[in-house]
Colleague: 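Here it is, the structure in full.
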Amino acid sequence: MGHIKEPNGITLLVEKQNLTSEIEEKIKSFIKKSKEKNKKFLESLKETAE
């Protein structure tokens with residue numbers, strides 16, 4: 001995650017919200033599917049970087 005710079009004169013507040021187990025599982029599933037989907041792409045980036 002990146003850093004968000006506050007504009008002058010504005011204060012940003014972030015409140016933590018507890019996730020239900022259902023939402024947490026959906027997020028984990030999405031991340032897992034995304035990693036699997038992009039695995040070949042990431043491997044090709046590693047090969048070109050070497």
Side-chain angles (χ1 to χ4, degrees):
M1 243 185 194
H3 175 76
I4 300 174
K5 183 177 178 181
E6 296 177 339
N8 292 334
I10 295 178
T11 302
L12 300 175
L13 300 175
V14 178
E15 294 182 24
K16 180 180 178 191
Q17 296 179 352
N18 293 329
L19 301 176
T20 63
S21 59
E22 180 183 351
I23 293 174
E24 188 175 345
E25 287 302 316
K26 286 182 181 181
I27 292 171
K28 287 179 182 180
S29 174
F30 173 81
I31 292 170
K32 184 177 180 179
K33 288 178 186 176
S34 178
K35 285 183 178 182
E36 289 172 0
K37 182 178 177 183
N38 294 316
K39 185 177 180 180
K40 288 183 181 179
F41 174 72
L42 294 174
E43 287 175 354
S44 69
L45 282 179
K46 286 181 183 177
E47 290 174 4
T48 57
E50 293 175 350

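Positions are given from 1 along the sequence. Values in this document were obtained by computation on a predicted structure and should not be read as measured data. These values consider heavy atoms only, across backbone and side chains, with no hydrogens, waters or symmetry-generated copies.
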Colleague: Return all side-chain donor-acceptor pairs below 3.5 angstrom for residues 22-32, not counting sequence neighbours, or 'none' if the list is empty.
Modeller:
{"residue": "E24", "atom": "OE2", "partner": "K28", "partner atom": "NZ", "Å": "3.4"}

Colleague: Checking T11 now: which residues fulfil side chain to side chain contact (heavy atoms under 4.5 Å, CB included) with it, not counting sequence neighbours?
Modeller: E6, L13
Colleague: Hey, could you give me the CG/CD distance between N38 and E36, rounded to the nearest 0.5 Å?
Modeller: 10.5 Å
Colleague: With the side chain counted from C-beta on, respond yes when K16 and N18 share a heavy-atom pair under 4.5 Å apart, and no when they do not.
Modeller: yes
